[in-house]
Number of protein chains: 4
Amino acid sequence: MSGINKVILVGHLGKDPEVRHLEGGVTVASFPLATSETFNKDGKRVEQTEWHNIVLWRGLAEVASKYLQKGKLVYIEGKLRTRSFEDKEKVKKYVTEVVAENFTMLGRKSDFEPNAPTNGNSSNINNKIEDDFSTSIDETGDLPF
Amino acid sequence: MSGINKVILVGHLGKDPEVRHLEGGVTVASFPLATSETFNKDGKRVEQTEWHNIVLWRGLAEVASKYLQKGKLVYIEGKLRTRSFEDKEKVKKYVTEVVAENFTMLGRKSDFEPNAPTNGNSSNINNKIEDDFSTSIDETGDLPF
Amino acid sequence: MSGINKVILVGHLGKDPEVRHLEGGVTVASFPLATSETFNKDGKRVEQTEWHNIVLWRGLAEVASKYLQKGKLVYIEGKLRTRSFEDKEKVKKYVTEVVAENFTMLGRKSDFEPNAPTNGNSSNINNKIEDDFSTSIDETGDLPF
Amino acid sequence: MSGINKVILVGHLGKDPEVRHLEGGVTVASFPLATSETFNKDGKRVEQTEWHNIVLWRGLAEVASKYLQKGKLVYIEGKLRTRSFEDKEKVKKYVTEVVAENFTMLGRKSDFEPNAPTNGNSSNINNKIEDDFSTSIDETGDLPF
DNA sequence: TTTT
DNA sequence: TTTT
């Protein structure tokens with residue numbers, strides 16, 4: 001009859017959410033999310049990061065744009081959706097996104113003060129202790145989307 | 001630190017699993033899986049189907065190739081992986097797949113006898129009656145789940 | 001900060017849903033759900049069944065009481081809740097329940113016609129043939145999922 | 001055929017893992033895990049905490065005892081199991097547990113240094129910034145198990 | 001108490 | 001390309 005299409009992610013935002021307002025007043029937000037996995041390969045600790053395109057609609061988009069920021073840790077629940085689009089050269093392409101159905105902020109409370117500035121190398125005492133997630137993203141910079 | 005990357009699907013196979021044997025003897029199987037969602041739009045019942053690329057490795061690939069067939073209902077648990085490849089025109093493309101970590105067959109037992117032919121409109125009486133063939137599965141006894 | 005408390009089950013109802021109407025007009029439904037696991041132990045196929053107490057509230061309770069029946073296969077998503085109560089002898093006891101947040105009917109469509117009688121060994125021909133009654137469901141059109 | 005019995009939790013340990021070694025050398029670890037949910041009730045922010053009995057076996061128990069500690073944030077995936085036992089007065093009781101199948105440590109890296117001392121009111125600089133989760137547990141002290 |  |  002019906003089916004199940006469910007995605008559960010816990011990871012860090014690669015960028016601040018990007019918010020757009022469509023005609024009709026609908027809000028959409030999106031951001032890349034990194035989920036990392038570490039495993040041993042030939043006795044060495046290897047980290048593999050997977051990047052996900054997260055899309056949020058309406059009220060969820062507005063909450064996300066208010067509370068989520070680059071580097072923050074979030075739990076996201078949603079569904080997979082593959083859509084096609086035309087790139088600049090009019091070539092048809094496909095992209096798979098995770099359409100969020102709800103999310104929960106994880107980590108320290110201080111990480112989620114609304115309206116806090118996002119300076120990558122902030123000297124904010126609360127950010128100081130965090131691991132160096134954000135800078136390493138800036139360096140590699142090769143999000144596949 | 002670490003993250004979570006989990007996908008849970010319940011849907012029907014769009015095709016029989018396609019099995020390949022890589023150099024080194026590693027088996028890979030893949031198939032498209034459809035998850036359907038029905039909702040009301042302007043008083044009308046609309047069905048929206050999402051297609052997922054499922055990939056299975058090693059032992060899981062072998063079990064899948066033995067028991068799963070076009071049309072069957074399965075529960076699949078896995079993780080998202082986006083990989084790039086070059087198409088025939090040497091254009092770099094991305095595809096997102098669900099790498100299965102385990103699966104469970106749902107539905108009637110008769111749907112899962114190994115080696116059964118896949119005729120779309122089969123009039124095989126066994127497909128209409130539940131609980132048939134259960135003994136033959138008991139006899140082979142090698143269902144690893 | 002916040003947490004995640006999520007349960008995902010696919011199993012068969014052990015009984016028809018039991019519906020109660022609380023003061024204030026709130027509807028609650030509940031039923032036992034069996035999830036079975038089979039594994040090999042000393043070369044023998046062993047089945048282990050786990051029973052879950054499922055509880056549904058309000059609209060979800062009403063839909064469940066209309067469509068779910070003893071023996072049917074369902075996907076249930078919800079959260080764990082342990083509550084205390086006093087038994088007949090005034091002894092404090094604890095019970096853990098799965099409070100359903102949504103559910104999806106799996107299996108053949110004919111399994112889910114509303115108001116069908118529940119005779120365990122029914123010889124009703126409609127239970128043997130797939131795809132029957134589909135139009136009658138289309139006509140009523142009020143399946144909210 | 002088969003079923004699905006899956007639990008996904010993100011929460012904080014209420015106590016250090018308790019490790020036991022059974023005859024035959026099997027290791028079992030267990031601890032209470034709190035998942036909190038906050039919602040608005042009559043305009044006020046209410047927090048509701050659910051406690052879960054987590055049980056881990058063998059290698060997973062050993063890893064847990066090494067890395068997990070009271071107050072730490074973890075993602076746990078497992079299955080529900082209700083078992084009966086006799087209490088001191090020989091009364092038969094039931095308890096529902098989450099048998100962990102894997103777990104992932106979340107939060108700051110410094111939270112998971114192995115062998116770190118667990119003093120509730122530690123003056124360890126890394127613990128200082130944490131929110132006051134641990135003390136509030138000590139005060140209420142009413143774990144239902 | 002279900003189902004396969 | 002599946003299924004209901």
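Chain identifiers are assigned alphabetically (A, B, ...) following the order of the sequence lines, protein sequences preceding nucleic acid strands; residue numbering begins at 1 within each chain.
For B:T27, the side chain to side chain contact (heavy atoms under 4.5 Å, CB included) partners are B:V19, B:H21, B:A61, B:E62, not counting sequence neighbours. Listed by chain and number, the residues in a side chain to side chain contact (heavy atoms under 4.5 Å, CB included) with B:I4 are A:I8, A:V10, B:K6, D:Y75, D:T104 (sequence neighbours excluded). With sequence neighbours left out, B:E86 forms a side chain to side chain contact (heavy atoms under 4.5 Å, CB included) with B:K90. Take C:V26 and apply the side chain to side chain contact (heavy atoms under 4.5 Å, CB included) test, not counting sequence neighbours, and it matches C:L22, C:W57, C:R58. Considering only residues two or more places apart in sequence or on other chains, B:E101 meets the salt bridge (charged side-chain N to carboxylate O under 4.0 Å, His left out) condition with none of them.
Under the 4.0 Å criterion applied to side-chain N and carboxylate O atoms, B:R83 and B:E97 are assigned as salt-bridge partners.
Here the side chain of C:A34 is nearest to one of E:dT1, E:dT2, F:dT1, namely E:dT2. For B:E47, the side-chain atoms get nearest to F:dT3 when compared with the rest of E:dT3, F:dT1, F:dT3. The side chain of C:S36 lies closest to E:dT3, out of E:dT1, F:dT3, E:dT3.
Between the P atom of E:dT2 and the CG atom of B:L106 lies a distance of 20 Å, rounded to the nearest Å. The interatomic distance linking C:M105 (CE) with E:dT2 (P) rounds to 22 Å, in whole Å. Distance, C:I76 CD1 to E:dT2 P: 17 Å, rounded to whole Å. Summarising the geometry, the separation between NE2 on B:H12 and P on F:dT3 is reported as 7 Å, rounded to the nearest angstrom. B:D16 places its CG atom 15 Å from the P atom of F:dT1, with the value rounded to the nearest Å. Between the CG atom of D:N5 and the P atom of E:dT3 there is a distance of 18 Å, rounded to whole Å. Spacing between atom CZ of C:F31 and atom P of E:dT3 amounts to 14 Å, rounded to whole angstrom units. Taking atom CD on C:E18 and atom C1' on E:dT1, their separation rounds to 13 Å, with Å as the unit.
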Margin query: Taking Watson-Crick (N1-N3 plus N6-O4 or O6-N4) and G-U wobble (N1-O2, O6-N3), each under 3.5 Å, can you produce the dot-bracket string of DNA chain E? Use [ ] for crossing pairs and | for inter-strand ones.
Written below: ....
Next item on the list: Could you check B:Y67 against B:M105 for side chain to side chain contact (heavy atoms under 4.5 Å, CB included), going step by step and ending with a plain yes or no?
Entry: CA-CA 9 Å; B:Y67 290 101; B:M105 308 174 296; 3.7 Å; yes
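By the criterion of a centre-to-centre distance under 5.5 Å and near-parallel planes under 30°, the ring of C:W51 forms no stack with the base of E:dT2.
At the heavy-atom level, C:T49 lies under 4.0 Å from base atoms of the strands shown.
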